[in-house]
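What follows is a set of notes on a single structure, which appears directly below.
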There are 2 protein chains.
Amino acid sequence: MENKGNFGQAASVPAARERPTLKTIAFMTGLGVTTVSRALKDAPDIGAETKERVRMVARQLGYQPNRAGVRLRTGKTNVIALVLSIDEEIMGFSSQMVFGISEVLSGTPYHIVVTPHSHSKDPMLPVRYILETGSADGVIISRIEPDDPRVRLLTERGMPFATHGRTDAGLTHPFHDFDNEAFAHQAVERLVKRGRRRIALLQPPSKLTYYAHIRIGFQTGLHDYGAEEVPLRVNTDAPLADIRDVVEVMMRAANAPDGIVCSAGSAAIAVNAGIEAAGKALGRDLDMVSKQSVPILNWIRPEIITAQEDVRQAGREMAKAVIARIDGVEPELLQSISQPIWPENGR
Amino acid sequence: MENKGNFGQAASVPAARERPTLKTIAFMTGLGVTTVSRALKDAPDIGAETKERVRMVARQLGYQPNRAGVRLRTGKTNVIALVLSIDEEIMGFSSQMVFGISEVLSGTPYHIVVTPHSHSKDPMLPVRYILETGSADGVIISRIEPDDPRVRLLTERGMPFATHGRTDAGLTHPFHDFDNEAFAHQAVERLVKRGRRRIALLQPPSKLTYYAHIRIGFQTGLHDYGAEEVPLRVNTDAPLADIRDVVEVMMRAANAPDGIVCSAGSAAIAVNAGIEAAGKALGRDLDMVSKQSVPILNWIRPEIITAQEDVRQAGREMAKAVIARIDGVEPELLQSISQPIWPENGR
DNA sequence: CATTTCTACTGTATCGTTACAGATTGCATT
DNA sequence: AATGCAATCTGTAACGATACAGTAGAAATG
């Protein structure tokens, strides 16, 4: 609780041991509350010497503006809402993102509020809540669809936001994305260089935008390097057991692939299990390339060829983008795409 | 921003399209603002019919109390701060905890604010910040030490909190913990049942409380089932590469262990790599038991014997505990310990 | 009938901050 | 000397909610 009584002090000035407010500083400097407020904001109508004096006292007292006061008066919440899908990732995907974001926010007055939601439920709910209650100055969302209704709504309402992933319907907004097209293309290249020609793709669910990016990169890769696709009837969102089973069946078939491209690290673990269940071996019977956000796959099978997606970096970029957007920077200038990193030798 | 101008309406009553406040409801019901406030809190001095009427209108309008207003007036933030160590876990440990917490908070007015900090820096910093700025009603912390200064400080200041892990210095406080002693004991039991007698332990850093729990369970296990310890000079916090190297050396030695107990899932991956680098095989030359918070190890090596720690459940328990503590429930009643879950056959 | 008691409701002040509309001062200009 | 004009500083009101100290009217009490 922030409110404690004032003991043995003039009622209007916070006691020394209380948390200091503008009033405290005003009292100590002999200035008016308004002057102190404006001095701390470096307003042009306050004398240089006064500003200096106020800043000194404020620092001395360890003054921190009361967030509730600011928020009530100005509507500025100093909150960035991170909307996460609960089932987003089994492996620390979202934690890395949180850490990346908070790295950037730690130098600012912003706090992160995490708003998870099960993606079986309506993904619009958390966004609507934030808009209706005005509970954040900016929003970060992921699992973006080509014509994402959340992006539409946030744009329409003028709420600053950044996305992890792009849209594809003429919507302009801040985003950070991994170059999934480049990844898939380069993945095929690597497989073909190892003499693989019959390649399967474990792709993301088709409703997400990057499904298309992966597909295009994959297909131009097949074309450019002369390989063909072996269809795989399961996506990265499927339960790991399903992925394993489907891959096992595929690998036992006569026309089994000799290469697999996998668009998610956790799914790669299941794919690997399916391969082994079919009695095949990576490096011998086939090769696998996978994207991963946490460097773990090579600990499992050094033979897996991995591309790293730096999710913490993504978090940083998005945090910077939202803040810039809040500060009025044009969305066009707040878009970035990161390239896959191919560690030369796992580990 | 929460503040928009009022267009074409009496200045004192929010326009219909604005977010409704108590004033809106007061206007619509013809009651005073105070009455509305008290009616919504179900205060005893308001008539039953009036309460009903106010509630109806409030629901109709989708009224949600303005958090800044409440916070400014009462000091109640409706925020639970989750203090996370950035390097806590490579694998989705913390995300699971966040999801567990938010499951519980979703039915309440509480929000989660995530406050990460690098544990190379002073772990007291975030806690001090929260206390000084009064920015939360409750706190959740992890990586607890036997005489944890954060626990001392929070207790001293009367800030409700819950911990993931216990202290061991006569401090009474809400916590949720995994029964690491039972885990280590049962782990040894399982190894001995498979005929293993020379067992190594990959233990947590000794400053954490559960180091002692693991040690005791391990040692009584060795004693009860008749086995001996092979020392392992590295802990679960070490870089994975270090763990692998140390384990490899150990496994190549003449007196290599035939069993390993591992207190963290991510470390188990590195231990496994070390074993394989030394040319040994799980199930043949030795067995390994590991705790894990995300069911991943058996996808890597089905031979690893795993015990599951349900971190999402831990999150739920801690969230419930902090809220109960905020509501004045005695700390003694808010302590829980979860047992290791041994899935009969991995997967 | 006067008085007390109770029920149901309300006005005012306040939390900390900032927008806004002044107010004061000194100094240069007429 | 009067006026204008920066340059500085300040009081008041307001954001939305609630604690507190009432008030009005009805009902119970004597």
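Keep in mind that this is a model prediction, so the values were computed, not measured. In the text below, chain A, chain B and the rest are named by the order of the sequence lines, each starting its count at 1.
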Problem set entry | Closest to side chain of Thr21(B), choosing from dT17(C), dT10(C), dA17(D) | dA17(D)

Seminar exercise, completed: note: Ile25(A), atom CD1; dT18(C), atom P; distance rounded to Å ~ 11 Å

Exercise. Does CE in Met124(B) sit with more than 12 non-hydrogen atoms of other residues, nucleotides or ligands closer than 6.0 Å?
Worked result: yes

Exercise. Relative to each other, are the rings of Tyr129(A) and His111(B) parallel, tilted or perpendicular (30° and 60° limits)?
Worked result: perpendicular

Problem set entry | Integer-rounded Å distance: dA17(D) P and Leu40(B) CG | 10 Å

Exercise. Which listed nucleotide (dC9(D), dT18(C), dT10(C)) is nearest to the side chain of Thr35(A)?
Worked result: dC9(D)

For this session: Rounded off to whole Å, could you give me the CG-to-P distance for the Asp45(B) and dC6(C) pair?
Result: 14 Å

For this session: With DNA chain C as reference, determine whether Gly69(B) or Arg38(B) sits nearer its 5' end, using the nearest nucleotide of each.
Result: Arg38(B)

For this session: Using only side-chain N and O atoms of Ser37(A), determine if any of them is under 4.0 Å from OP1 or OP2 of dT17(C).
Result: no

Problem set entry | Residue closer to the 5' end of DNA chain C, Leu22(A) versus Val33(B) (nearest nucleotide) | Val33(B)

Seminar exercise, completed: Between CD1 of Ile46(A) and C1' of dA7(D) the distance, given in whole Å, is 10 Å

For this session: Would you state whether a donor and an acceptor, one from the side chain of Arg73(A) and one from the base of dT17(C), lie under 3.5 Å apart?
Result: no

Exercise. Roughly how far, to the nearest 0.5 Å, is the CZ atom of Arg325(A) from the CE atom of Met159(A)?
Worked result: 12.0 Å

Exercise. Reckon Thr34(B) has a side-chain N or O less than 4.0 Å from the OP1 or OP2 of dG11(C)?
Worked result: no

For this session: Quickly work out the Leu72(B) CG to dA19(D) P distance and round it to whole Å.
Result: 13 Å

Exercise. Would one find a side-chain N or O of Thr74(B) under 4.0 angstrom from OP1 or OP2 of dC15(C)?
Worked result: no

Exercise. More than 12 heavy atoms of other residues, nucleotides or ligands under 6.0 Å from CD of Gln60(B): is that the case?
Worked result: no

Exercise. Given dA17(D), is OP1 or OP2 found less than 4.0 Å from the side-chain N or O atoms of Tyr63(B)?
Worked result: yes

Problem set entry | Separation of atom CZ in Arg19(B) from atom C1' in dG16(D), rounded to whole Å | 9 Å

Exercise. Are His164(B) and Phe175(B) an aromatic pair by the rule of ring centers under 6.0 Å?
Worked result: no

For this session: May I ask you to verify if any side-chain N or O of Lys41(B) is less than 4.0 angstrom from the OP1 or OP2 atom of dT18(D)?
Result: yes

Exercise. What integer distance in Å separates Lys51(B):NZ from dT7(C):P?
Worked result: 12 Å

Exercise. Between dA8(C) atom P and Arg53(B) atom CZ, what is the distance in whole Å?
Worked result: 14 Å

